[in-house]
There are 2 protein chains.
Amino acid sequence: MAHTPVEERRKALIAATLRVISARGLSSASTRTIVAEAGMSLASFHYAFTSRDELIDVLITEVLAKEEKAIAPAELVGRSLTELLTEGLSGYLAHLRSDPSREQAMLELTQHALRERPELARQQYAEYTRMAVAMLELAATHTGHEWSVPVPVAARLLLTMTDGLTMTWLVDRDDALAEDVVRAAAQAVASLAHPAA
Amino acid sequence: MAHTPVEERRKALIAATLRVISARGLSSASTRTIVAEAGMSLASFHYAFTSRDELIDVLITEVLAKEEKAIAPAELVGRSLTELLTEGLSGYLAHLRSDPSREQAMLELTQHALRERPELARQQYAEYTRMAVAMLELAATHTGHEWSVPVPVAARLLLTMTDGLTMTWLVDRDDALAEDVVRAAAQAVASLAHPAA
DNA sequence: GTCTATACACCGATAGAC
DNA sequence: GTCTATCGGTGTATAGAC
């Protein structure tokens, strides 16, 4: 391969690694399989990254940060709180279904981070929670509701549901059941709010 | 080590493997680290199991089957539906907190099964769902309620919550927040039932 | 049945030619 | 900058002595 800027190689290797993990799992993502997927030599890997651990670190920080744990509903006006929550969770489910192996890769990376870089996983989940808080406050405001429980608790419950939804759907891929669960979950979470004074 | 029945060696190796996975992760559970933990020679491993894959298979089927995904409340009488659900989820949280590394090992094994033995994971989750159905029906009956959504859907929602609870708590180990989420989750799920006719 | 010794594949990482 | 060749280490699995 011709002279390529280091940054470009790093990006190519990160993308290749993600493809390998999606297709065959983190344990299959050796430096050799990664460079094979990226179409470059083993030495080029160590020119772009000092070690495999460094690449996995970058993968965890950069890729998990882009992960969507909850997708905001497209349209706010004229929808009930339950509908907004249903659309948000449904959007996440669609995201999951559109590329299951990518989400499975995310799960493996999170799991790996849990053991090797626990503080990174913690920071990431704090960020997911902040996004959920913003979404719940927006939804309540637009429908004239107030949360009966502290918003961070409701947000955490929502995050708990997306995580659980990911795992259970990945296990049996039952689309109809997942949709039913999304509706029940939205209804259940909405019951934690009441009309604003 | 003196002559030992094969079955005994298998049990010792399974227990040793679980300890290794709990402490250092599935990727660290090589045949060498396993036999070191079990205090036997490498050859003894291959006398008891034909391969490492066979042991992991046995681990997934036998160990995941014993996993408690939802713990039934101890006492039924005189408790509201929300209380029963809170106690059930709280019991699971206590189970998780009592040995986090064991639950992390379960998560890694489930994840591995998802890739290598998807049908085993699926069967296991079907079993978890059956247990949750039984628990929810019992709770509703004892408190004079009926479920407003199909019981399998509510059961699946409960399973979704225990899975999500496991992940989120393992990430930040926030006991107080987890307890709040358990209460909110119980209240939310209870809202899916109504007094029986 | 149980052990030591070993075969052989793959791992991460680097040396050194170009 | 990029490559091929290779080092040292670890992985699974087995041969063969006892």
Side-chain angles (χ1 to χ4, degrees), chain A residues 1-61 105 108-109 111-113 115-117, chain B residues 1-61 105 108-109 111-113 115-117:
Chain A
M1 190 177 281
H3 288 215
T4 312
V6 189
E7 259 320 303
E8 202 167 313
R9 271 187 193 273
R10 285 171 69 99
K11 282 196 200 312
L13 284 167
I14 289 169
T17 305
L18 209 51
R19 287 197 299 275
V20 171
I21 297 177
S22 293
R24 295 189 282 150
L26 181 57
S27 63
S28 296
S30 67
T31 53
R32 284 179 158 87
T33 59
I34 291 167
V35 295
E37 172 72 26
M40 55 179 90
S41 74
L42 186 54
S44 295
F45 180 100
H46 287 286
Y47 182 77
F49 293 98
T50 65
S51 70
R52 178 184 180 274
D53 280 357
E54 192 205 346
L55 177 137
I56 300 297
D57 250 49
V58 170
L59 212 57
I60 289 171
T61 41
E108 284 188 36
L109 284 171
Q111 189 116 347
H112 181 266
R115 236 175 238 289
E116 308 295 330
R117 287 275 181 284
Chain B
M1 191 178 281
H3 288 216
T4 312
V6 188
E7 259 318 304
E8 200 168 314
R9 273 189 191 272
R10 285 171 70 100
K11 282 194 200 313
L13 283 167
I14 289 170
T17 305
L18 208 53
R19 286 196 301 274
V20 170
I21 297 177
S22 293
R24 294 190 281 151
L26 180 57
S27 63
S28 295
S30 67
T31 52
R32 281 181 153 92
T33 59
I34 292 167
V35 296
E37 173 71 26
M40 55 179 88
S41 75
L42 187 53
S44 295
F45 179 100
H46 287 286
Y47 181 78
F49 293 98
T50 65
S51 70
R52 177 185 180 273
D53 279 356
E54 192 205 347
L55 177 137
I56 300 297
D57 249 50
V58 171
L59 211 57
I60 290 171
T61 40
E108 284 187 36
L109 284 171
Q111 187 113 353
H112 181 266
R115 235 174 238 290
E116 308 296 330
R117 286 277 183 280

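Only heavy atoms go into these numbers, but all of them, side chains included; no hydrogens, no water, no symmetry mates. As the structure is a computational prediction, the values presented were derived from the model and not from experiment. Every chain is numbered from 1, with letters handed out A, B, ... down the list of sequences.
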Whole-Å distance separating the [atom1] atom of [X] from the [atom2] atom of [N]:
X     : N      : atom1 : atom2 : answer
A:L13 : C:dA13 : CG    : P     : 13 Å
B:R10 : C:dT2  : CZ    : P     : 14 Å
A:F49 : D:dG1  : CZ    : C1'   : 16 Å
B:H46 : D:dT14 : NE2   : P     : 7 Å

Whichever of A:A43 and B:F45 has its nearest DNA chain D nucleotide further upstream toward 5': A:A43

So salt bridge (Lys or Arg N to Asp or Glu O under 4.0 Å) across residues 37-52 of chain A, not counting sequence neighbours, yields A:R19-A:E37

By nearest heavy atom, map A:A29 and B:S41 onto DNA chain C; which one lands nearer the 5' end? B:S41

Among residues two or more places apart or on two chains, list those pairs meeting side-chain hydrogen bond (donor to acceptor under 3.5 Å, both in side chains) that have a residue in residues 23-32 of chain A. A:S30-A:T33

Is there a side-chain polar atom (N or O) of [X] under 4.0 Å from OP1 or OP2 of [N]?
X     : N      : answer
A:R9  : D:dT2  : yes
B:S44 : C:dC3  : yes
A:T50 : C:dA13 : no

Check nucleotides 8-11 of chain C against the protein and report each pair of N or O atoms closer than 3.5 Å, with its distance, or say if there are none.
unit_1: C:dC11; atom_1: OP1; unit_2: A:S30; atom_2: OG; d: 3.1

Ring pair (Phe, Tyr, Trp, His ring centres under 6.0 Å) partners of residues 21-47 of chain A, not counting sequence neighbours, each pair once: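 Only A:F45-A:F49 qualify under ring pair (Phe, Tyr, Trp, His ring centres under 6.0 Å).
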
One should read off an interatomic distance between B:H112 NE2 and B:I60 CD1, to the nearest 0.5 angstrom, of 5.5 Å

Listed nucleotide nearest any side-chain atom of A:H3, set D:dA13, C:dA13, D:dG1: D:dG1

Residues forming a salt bridge (Lys or Arg N to Asp or Glu O under 4.0 Å) with B:E54, sequence neighbours excluded: B:R10

Sequence neighbours left out, what passes salt bridge (Lys or Arg N to Asp or Glu O under 4.0 Å) with A:D53? Give chain and number order. none

